[in-house]
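None of these values were measured; they are calculated from a predicted model. Below, all heavy atoms of this structure are taken into account, side chains as well, without hydrogens, waters or symmetry copies.
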Amino acid sequence: MPKPGNRGTAEIRHINDLSKGEEIVVDGLTDSVSTLPIPRKGVEMHTKAPTCVTEDPRMRGSMLGYDVVHVVEERARTGRTIRVEKWLAPTLNCFPLKQIFYIGNTAADLYAANVKEVTQVSIGEPPSSLFEKPVGYTERYASQRREEFARRYPEVPIPEALRKADREDDEIYHRRQADRGK
């Protein structure tokens, strides 16, 4: 991911380590790590064989040589709306090859807050180094990562909808930490 102000690039990784029951976010923009325990039910959900099929030709396509299914999820939370568009590859266990996260106060003012797109697929066991937390990174929850981002990149405005989302993510972080192992 490019750093603001043409200051190079940073690595952002989302790791679901099902063997440890942890979801880990590695944020190179803020030298942060966020470790969230995955509840047992969540691990079970991740290990079930996913299905992502559709008969609607308008919701099908191709990316990187794989057939994909376009899925749109909308959620309304208190005071904001979230829409996530995913392009899932059935032959890759429904792995999302592209994902766009929209957020706004209403459905009418949504904006793309985050876009993730796979540029290469390598089949096989990933290197163990991808699951390692970088040395020197600080454990932070969502609002702490955003505060550190604002400190490092004060020229980038932080929309209130993102700050509100961070507060909700903080609650999830603290709840999962308290419920660890349940």
Side-chain angles (χ1 to χ4, degrees), residues 1-18 20-39 42 46 71-88 95-121 126-180:
M1 166 173 266
K3 291 182 180 180
N6 295 320
R7 294 184 233 177
T9 61
E11 180 181 52
I12 308 290
R13 283 188 282 151
H14 291 259
I15 303 165
N16 285 326
D17 189 337
L18 300 179
K20 291 182 181 175
E22 291 181 336
E23 177 184 341
I24 303 162
V25 176
V26 177
D27 181 350
L29 290 171
T30 62
D31 297 334
S32 301
V33 173
S34 296
T35 308
L36 290 93
I38 301 174
H46 282 295
V71 175
V72 179
E73 300 170 355
E74 292 203 21
R75 304 185 285 261
R77 290 191 180 171
T78 308
R80 70 185 170 122
T81 300
I82 298 170
R83 181 172 69 211
V84 181
E85 292 190 39
K86 299 177 185 178
W87 287 261
L88 308 172
F95 186 81
L97 294 182
K98 184 174 182 178
Q99 195 167 270
I100 304 175
F101 180 82
Y102 298 90
I103 190 169
N105 292 321
T106 68
D109 70 350
L110 292 175
Y111 63 91
N114 191 310
V115 178
K116 297 177 187 176
E117 187 166 356
V118 173
T119 58
Q120 178 182 348
V121 175
S128 61
S129 61
L130 290 177
F131 294 90
E132 295 171 4
K133 296 177 187 179
V135 176
Y137 277 39
T138 302
E139 178 76 24
R140 294 184 174 102
Y141 44 89
S143 64
Q144 290 176 322
R145 285 195 323 264
R146 188 81 60 203
E147 288 169 12
E148 181 62 18
F149 180 89
R151 187 186 69 74
R152 291 180 184 203
Y153 311 103
E155 71 277 14
V156 179
I158 310 293
E160 181 54 34
L162 286 179
R163 291 186 188 278
K164 186 180 261 187
D166 287 344
R167 288 189 294 272
E168 290 176 10
D169 288 346
D170 288 354
E171 290 175 20
I172 293 168
Y173 177 92
H174 293 301
R175 186 172 58 247
R176 283 198 195 170
Q177 291 292 347
D179 292 345
R180 184 181 284 275

What distance do [X] atom [atom1] and [Y] atom [atom2] have between them, rounded to the nearest 0.5 Å?
X: Leu162; Y: Lys164; atom1: CG; atom2: NZ; answer: 12.0 Å
X: Ile172; Y: Gln177; atom1: CD1; atom2: CD; answer: 12.5 Å
X: Glu168; Y: Ile82; atom1: CD; atom2: CD1; answer: 6.5 Å
X: Tyr153; Y: Arg7; atom1: OH; atom2: CZ; answer: 6.0 Å
X: Arg151; Y: Phe149; atom1: CZ; atom2: CZ; answer: 12.0 Å
X: Thr9; Y: Glu11; atom1: OG1; atom2: CD; answer: 9.0 Å

Backbone N/O of [Y] and side chain of [X]: donor-acceptor pair under 3.5 Å:
X: Asp170; Y: Ser143; value: yes
X: Gln144; Y: Tyr141; value: yes
X: Asp27; Y: Leu29; value: yes
X: Arg145; Y: Thr30; value: no
X: Arg140; Y: Glu148; value: no
X: Arg13; Y: Leu130; value: yes

Grab the two heavy atoms, one from [X] and one from [Y], that are nearest each other, plus how far apart they are.
X: Val26; Y: Pro134; result: CG1-CG, 3.6 Å
X: Ala10; Y: Gly28; result: CB-C, 3.5 Å
X: Pro126; Y: Phe131; result: CG-CE1, 3.6 Å

For a 4.5 angstrom cut-off between non-hydrogen side-chain atoms, does [X] reach [Y]?
X: Glu74; Y: Tyr102; value: no
X: Glu155; Y: Pro4; value: yes
X: Tyr173; Y: Asp166; value: no

Quiz item: Hey, mind stepping through Arg176 and Glu22 against salt bridge (Lys or Arg N to Asp or Glu O under 4.0 Å) and telling me if it holds?
Solution: CA-CA 10 Å; Arg176 283 198 195 170; Glu22 291 181 336; over 6 Å; no

Exercise. Answer with yes or no whether the side chains of Glu139 and Thr35 bring together a donor and an acceptor at under 3.5 Å.
Key: yes

Quiz item: Counting only heavy atoms not in Lys3, do more than 12 fall under 6.0 Å of its NZ?
Solution: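 Yes, because the 6.0 Å sphere around NZ of Lys3 holds more than 12 heavy atoms from other groups.
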
Quiz item: So, are Arg146 and Asp169 salt-bridged, with charged N and O less than 4.0 Å apart?
Solution: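 Result for this pair is no, no salt bridge flagged.
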
